[in-house]
2 protein chains.
Amino acid sequence: MKQAKKKIFQEFIAAKGLKSTRQRDIILDVFLSSDRHLSIEELYLKLRAKHPGIGYATVYRTLKLFAESGIAREIHFGDGQTRYEHLAAGEHHDHLVCTGCGTIVEFENEAIEQLQDEIAAGYGFLIKNHKLELYGLCAKCRG
Amino acid sequence: MKQAKKKIFQEFIAAKGLKSTRQRDIILDVFLSSDRHLSIEELYLKLRAKHPGIGYATVYRTLKLFAESGIAREIHFGDGQTRYEHLAAGEHHDHLVCTGCGTIVEFENEAIEQLQDEIAAGYGFLIKNHKLELYGLCAKCRG
DNA sequence: GCCATAATTGAAAGTGATTTTCAATATACA
DNA sequence: TGTATATTGAAAATCACTTTCAATTATGGC
């Protein structure tokens, strides 16, 4: 599935008339083998550890391309940091965020998605995507 | 209901040992008589039209106070702008955002809220608040 | 009202995250 | 291989706020 995403990205690059570069390969590789929900800063530091030559701007630019190509999604948890998570085609999930320790849990719920579509339809909207985040305290932090 | 919010804010100010100022009164007044979901920039411009003396920093500071006092809520739609919406006590709603024309529709759905609590409970979380935004095209923009 | 104390203000400087600029370099294709 | 064009890294610029600071303004006691 890592290979599948790499292939999708290569095709995206080719279709756009862009070029395949050493940096993009490295960033994609490190990105795909990282935890999900990594902030750009965290990914940059991880990259720098093995590949000191890679610049900040390149990481930003490349992550945007990942999102554009569909293999990644940008997420904001309101802490001022942008995060990207890698995503399989068609996959979708929402987040539970612990405001105590920062733990992030992913979940999927078909019933909620369906309700959303119904609500949207009621207002004449055609939903393209959505964002659902639940903020609270995890079991540990509830004390 | 505008009066009710003004009263809540006055009480908040008093309880915190803060002062009631001309600027805060003006900003609150303009804020409450504005469309919901106004960005800070938009509110600032609207304010400046009638009250040229009011500074940017004061608007930012005052909106934060509104949020703290409970009469307003900060919202982010991922366009890099912070918005504030005025809110009646205990009120909660979510948003439908048209990515075509920017129209924002508010909605409430008890069934979704309940499902959220169930999901959260399943992971041991105690939910404090949540954010649900549906992005898509409104009836007009579906064309 | 008058004073003293402390909060508030506006302008400007400072932040932090992200973007842009630009000259040098690398890639793709003829 | 040559050439046109995309990409890169470093540094400067931008954007949306936040902080600083000296001047101004409320508030409570007398």
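Below, chains carry the letters A, B, ... as their sequence lines are ordered, and counting in each starts from 1. Computed from a predicted structure; not experimentally measured.
- Residue-to-nucleotide proximity on DNA chain D shows that, of A:Leu18 and B:Tyr60, the 5′-proximal contact is made by A:Leu18.
- The residue among B:Gln81 and A:Thr21 whose nearest nucleotide of DNA chain D lies closer to the 5′ end is A:Thr21.
- Nearest to the side chain of B:Arg61, among C:dT19, D:dT5, D:dT19, sits D:dT19.
- Residue A:Lys16 is out of contact with every strand shown, counting any heavy-atom pair closer than 4.0 Å.
- Hydrophobic clustering keeps B:Leu132 apart from B:Val97 (ILVMFWY residues linked when any side-chain heavy atoms are closer than 4.5 Å, directly or through intermediates).
- For A:Arg24, taking side-chain heavy atoms from C-beta onward, the closest of the listed nucleotides C:dT19, D:dC17, D:dT8 is D:dT8.
- Of the residues B:Leu38, B:Leu47, B:Val59, the one that meets the side chain to side chain contact (heavy atoms under 4.5 Å, CB included) test with B:Val30 is B:Leu47.
- With C:dA12, D:dA6, D:dT27 as the choices, the nucleotide that has an atom nearest any side-chain atom of B:Ala57 turns out to be C:dA12.
- For B:Thr58, taking side-chain heavy atoms from C-beta onward, the closest of the listed nucleotides C:dT9, C:dT27, C:dT18 is C:dT9.
- For B:Phe66 and B:Tyr84, the ring centers sit 6.0 Å or farther from each other.
- Counting all heavy atoms, side chain and backbone alike, A:Leu32 lies closest to A:Lys6 at CD1-CG, 4.0 Å.
- Which of C:dA11, C:dT18, C:dG10 sits closest to the side chain of B:Gln23 comes down to C:dG10.
- Both B:Tyr56 and B:Gly17 sit near DNA chain C, but only B:Gly17 has its closest nucleotide nearer the 5' end.
- Between D:dA4, D:dC17, C:dT18, one nucleotide has an atom nearer to the side chain of B:Ile40 than all others, and that is D:dC17.
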